[in-house]
Amino acid sequence: MGQIRILLKDGSSRNYEQGVTLEQIALDISPRLRKAAVAGLVDGVMVDLTYRPQDGSVVEIVTEDSEEGLSVIRHTAAHIMAQAVMRLFDGVKLGIGPSIEDGFYYDFDLDHRLSPEDLERIEEEMRKIIAEDLPIVRVELPREEALRKVLDAGQSYKAELIEEFEDDTVSFYSQGEFVDLCKGPHLVSTGRLKAFKLLNVAGAYWRGDERNKMLQRVYATAFAKQSDLQAHLTRLEEAKKRDHRRLGRDLDLFSLHEEGPGFPFLHPKGMVIWNELLTYWHEVHARAGYSEIRTPIILNRGLWENSGHWDKYRENMYFTEIDGQDYAVKPMNCPGAILIYRNSLHSYRELPIRYAELGLVHRHEKSGTLHGLMRVRAFTQDDAHIFARPDQIQDEILGVINLIDDFYRTFGFSYHVELSTKPENAIGSDEIWELATESLRAALDARGIDYKVNEGDGAFYGPKIDFHLTDCLGRTWQCGTIQLDFVMPERFDLSYVGDDGDKHRPVMIHRVVFGALERFMGMLIEHFAGAFPVWLSPVQTVVMPVSEAHVDYAGSVAEQLRDIGVRCELDDRNEKLGYRIREARLQKVPYMLVVGDSEVSSQSVSVRARGQANAETVSLDSFIERIKREISERKLTP
RNA sequence: GCCGAUGUGGCUCAGCUGGUAGAGCAGCUCACUCGUAAUGAGCAGGUCGUCGGUUCGAGUCCGACCAUCGGCUCCA
């Protein structure tokens, strides 16, 4: 056996006997590394620890504390779970079982309906498999043989996958009696799995296609250590406390009722936030050269046929009849804006025309998809339709990107961007779509924004740039969007008079910043966990007299604050101070002002800021200055 | 829409194998007049999601529907 030279990631190199495994190399580097090792990276390719590198290979040991390492652990956990399910139930057909962010899942096709109690049984069986410490072995087979193997085992879904593979060989991993088609890598044995928990069962269509059979998906998670798992479960519990549906009720912001599923009711305190958002919105849009319009909620059939909605969007629309004629409740604001544009003749000098509209739209969402304020059936879009000359497209799109970035920054949101391309049910020619998509791409590139391409997810009339925010449980929701549309102007025969005196076709940019006000509010609630910055807080201050003797002074403090527009409540209820403070804390009021003898005599207030255990006594005037400034600057803290 | 789970006073929950509902918090009343996270006592509040069935009798069993929750699909 000859010697081989292995290059390590720190640039050093070591010599080993030929046939050395990665695990042995890890042990050679340090016993601790061997213990933390879960896989290897050889010349940039993920492999098992049992892999034997060639002379001159660059080797990196993947450890359990890295992202890749964790995903190896989870992938192995998925196999162990599948093995347990196959031991417990007959006729199990396996779908796919990948590791995902925060965990893993496996899709099963079996007649038995998995219940929460079954999850406990499966966990128990998994523990047995771990105790058996079965070696996990990789086997490579020629494609045809692999296909026969899975067909013989009755694994039709796996066969479907193999049929689509392009490689000549296919790899399997086995542990004890269990074999699964898999790329790997995996832990070296089942005993290496230390911490896992099954979370829930859900239905999932095979390959995510509604036309396919629905499989049973078991969601679970796994970590390198029990303490990491515990920390993750605790985080999930904490996240639930930020849930906007819970906070919406606790803070009395909004409610949902059986009488109108998907139609949220905003309470007075919710409306304060709503109105503050819109005040800010109006300020910024006026500065950015937008003018505001308002169009009807119900418009006739002809309009929607012309726009293409009647054909392409019907499943999402609500209909009605007036004087025997068909009408539709608007699912989008664009046709209305178009009618206003078309109402008069436009010169090239006028463009771009930016019509903003706070439009209430109704869309029929499938019942299973409704979710608090995040997904509803009636919502207000902070819409705008920009009618522009082709030479203005780039500037306008960049303008909107900057506007959205400014807005999100004001709230401290971080976001990610997606570019959605031509969908199946598109209208308009390929050339037009190509041109529109490239224009959006160019704008993103010009501004150096990272984005993910979302194939086939554009609107039926044009591609779009989507801005996504993340909720308390890590789910992302599309909020802002910019859509470039060459199709509607065509369909509605829009025009402007150019400097040559001829008619020309404008382009339309549809865009929203908040997206849906309702959804954005939901995001805000979770983002701030209900502790809104002062400018957004429904109640900005609560004044609390220590006892009855201080009620007059407290009342005058409250009045002075209200006079300058501060939302202030006087809590002079016949309750102990501690009780009232507790309540104001739970309501996440930014400032509590306690006034007693000493405050009365010095015309001051004892300020207890949200999140602060200690109060600070300042003159009323200086408090007023402070809160005024925080509100006008729309400061993020406290 | 599909898969699974859940549905008892405003909120959180109890109610065993069927015998016509219970607690805490919140609310109201009274007393206490109080210095930075819950003062005490009393009162009031529920067609047990809806509809139908089984039964002498249903919150408890069965069925359908509705809503909600977690996913899938879809989307702002």
Side-chain angles (χ1 to χ4, degrees), chain A residues 105 107 113-116 118-119 199-219 240 243 245-246 249-250 252 255-262 313 315-316 331-332 359 361 363-383 420 423 457 459 464 466-469 473 475 477-481 483 510 512-520 522-523 544-551 572 574-586 592-599 606-608 612-617:
Chain A
Y105 66 79
D107 287 345
R113 295 280 151 217
L114 293 173
S115 67
D118 290 328
L119 293 191
L199 298 171
N200 48 29
V201 199
Y205 301 106
W206 166 240
R207 311 208 111 179
D209 191 327
E210 225 176 348
R211 291 164 299 199
N212 290 338
K213 181 164 182 185
M214 181 164 271
L215 310 179
Q216 299 187 72
R217 174 172 297 177
V218 179
Y219 279 96
K240 277 188 197 153
D243 192 308
R245 292 164 298 186
R246 182 193 184 86
R249 188 181 57 218
D250 290 351
D252 200 14
S255 57
L256 289 155
H257 302 269
E258 276 193 28
E259 290 83 347
Y313 208 72
E315 287 86 67
N316 288 295
M332 295 187 195
V361 298
R363 297 184 187 173
H364 181 72
E365 298 295 339
K366 290 177 183 170
S367 58
T369 66
L370 301 179
H371 182 90
L373 291 182
M374 303 300 196
R375 179 183 259 84
V376 293
R377 286 177 173 157
F379 53 97
T380 304
Q381 293 185 302
D382 65 319
D383 217 339
S420 295
D457 216 28
K464 54 184 189 164
D466 298 326
F467 295 77
H468 293 249
L469 300 177
L473 286 172
R475 297 176 284 214
W477 299 90
Q478 183 188 314
C479 291
T481 172
Q483 311 175 342
H510 311 235
V512 290
V513 178
F514 292 136
L517 266 288
E518 290 79 356
R519 175 178 290 182
F520 197 82
M523 298 304 310
M544 301 174 195
V546 171
S547 75
E548 227 170 275
H550 317 110
V551 170
D572 57 355
N574 187 12
E575 295 289 351
K576 284 193 145 178
L577 185 59
Y579 178 89
R580 287 174 288 162
I581 283 176
R582 176 170 192 272
E583 207 150 272
R585 281 182 62 123
L586 292 175
M592 290 170 238
L593 306 181
V594 174
V595 295
D597 286 339
S598 66
E599 285 77 17
S606 170
V607 181
R608 187 183 166 129
Q612 226 96 43
N614 297 322
E616 175 195 12
T617 302

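So that the names make sense, note that chain A is the first sequence line, chain B the second, and so on, each numbered from 1. None of the values given here were measured: they were computed from a predicted structure.
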Pairs: protein N or O with nucleotides 5-16 of chain B N or O, under 3.5 Å:
unit_1	atom_1	unit_2	atom_2	d
B:rU12	OP1	A:R249	NH2	3.3

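For B:rU6, the paired nucleotide is B:rA67, the pair qualifying as Watson-Crick or G-U wobble because both relevant distances are below 3.5 Å. Judged by Watson-Crick or G-U wobble contacts below 3.5 Å, the nucleotide B:rC48 has no partner. B:rC61 is paired with B:rG53 under the Watson-Crick or G-U wobble criterion, all donor-acceptor distances under 3.5 Å. For B:rA23, the paired nucleotide is B:rU12, the pair qualifying as Watson-Crick or G-U wobble because both relevant distances are below 3.5 Å. Figure legend. B:rC34 is base-paired to no nucleotide; pairs are counted as Watson-Crick or G-U wobble with both atom distances under 3.5 Å.
Comparing the same atom, C1', in B:rU73 and in B:rC13 gives a spacing of 35 Å after rounding to whole Å. Nucleotides B:rC74 and B:rG24 are separated by 42 Å at their C1' atoms, to the nearest Å. Across the P atoms, B:rG52 and B:rG59 are found 14 Å apart, a figure rounded to whole Å. With C1' as the reference atom, B:rA67 and B:rU50 are 10 Å apart, rounded to whole Å. Nucleotides B:rA31 and B:rG70 place their P atoms 47 Å apart, quoted to the nearest Å. Nucleotides B:rU29 and B:rU68 place their P atoms 36 Å apart, quoted to the nearest Å. Between the C1' atoms of B:rG1 and B:rG57, the separation comes to 40 Å (whole Å). Separating the P atom of B:rG49 from that of B:rA58 is a span of 15 Å, rounded to the nearest Å.
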Check: How does protein contact run along nucleotides 35-47 of chain B, one letter per nucleotide 5' to 3', with B for base contact, S for sugar-phosphate only, - for none, heavy atoms under 4.0 Å?
Finding: BBBBB--------
Note to self: I'd like to compare against my own output: the B/S/- annotation of nucleotides 71-76 of chain B with a strict under-4.0 Å heavy-atom distance to protein.
What the structure shows: BBBBBB
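With hydrogens and angles ignored, the 3.5 Å screen pairs a side-chain donor or acceptor of A:D382 with a backbone N or O of A:F514. Not a single donor-acceptor pair under 3.5 Å links the side chain of A:E518 to the backbone N or O of A:V376. Distance alone, capped at 3.5 Å, is enough to place a donor-acceptor pair between the A:R580 side chain and the A:E575 backbone. A donor-acceptor pair under 3.5 Å is formed between the side chain of A:R363 and the backbone N or O of A:P331. A donor-acceptor pair under 3.5 Å is formed between the side chain of A:D118 and the backbone N or O of A:S115. Distance alone, capped at 3.5 Å, places no donor-acceptor pair between the A:D572 side chain and the A:M544 backbone.
Using a 4.0 Å heavy-atom cutoff across all strands shown, A:L199 reaches no nucleic acid atom at all.
Between A:E315 and A:H364, the shortest heavy-atom contact is O-CB, 3.8 Å. What you find for A:R519 and A:C479 is that their closest heavy atoms are CD-SG, 4.0 Å. Residues A:L370 and A:E365 share a closest heavy-atom pair of CD2-CB, 4.1 Å.
Under the ring pair (Phe, Tyr, Trp, His ring centres under 6.0 Å) criterion, A:Y313 pairs with A:H309, sequence neighbours left out. Annotation: ring pair (Phe, Tyr, Trp, His ring centres under 6.0 Å) contacts of A:H468 (sequence neighbours excluded): A:H416.
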Result block: side-chain N/O donor-acceptor pairs under 3.5 angstrom for residues 200-209 of chain A, not counting sequence neighbours:
unit_1	atom_1	unit_2	atom_2	d
A:W206	NE1	A:E160	OE1	3.2
A:W206	NE1	A:E160	OE2	3.2
A:R207	NH1	A:E164	OE1	3.0
A:R207	NH1	A:E164	OE2	2.8
A:R207	NH2	A:E164	OE1	3.3
A:D209	OD1	A:R211	N	2.9
A:D209	OD1	A:R211	NE	3.1
A:D209	OD2	A:R211	NE	3.4
A:D209	OD2	A:R211	NH2	2.7

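Along RNA chain B, the nucleotide nearest A:H257 and the nucleotide nearest A:L215 are compared for position; the residue whose nucleotide lies closer to the 5' end is A:L215.
Taking atom CZ on A:R113 and atom C1' on B:rC2, their separation rounds to 11 Å, with Å as the unit.
Between A:R245 and the phosphate of B:rU68, there is no side-chain N or O to OP1/OP2 separation shorter than 4.0 Å.
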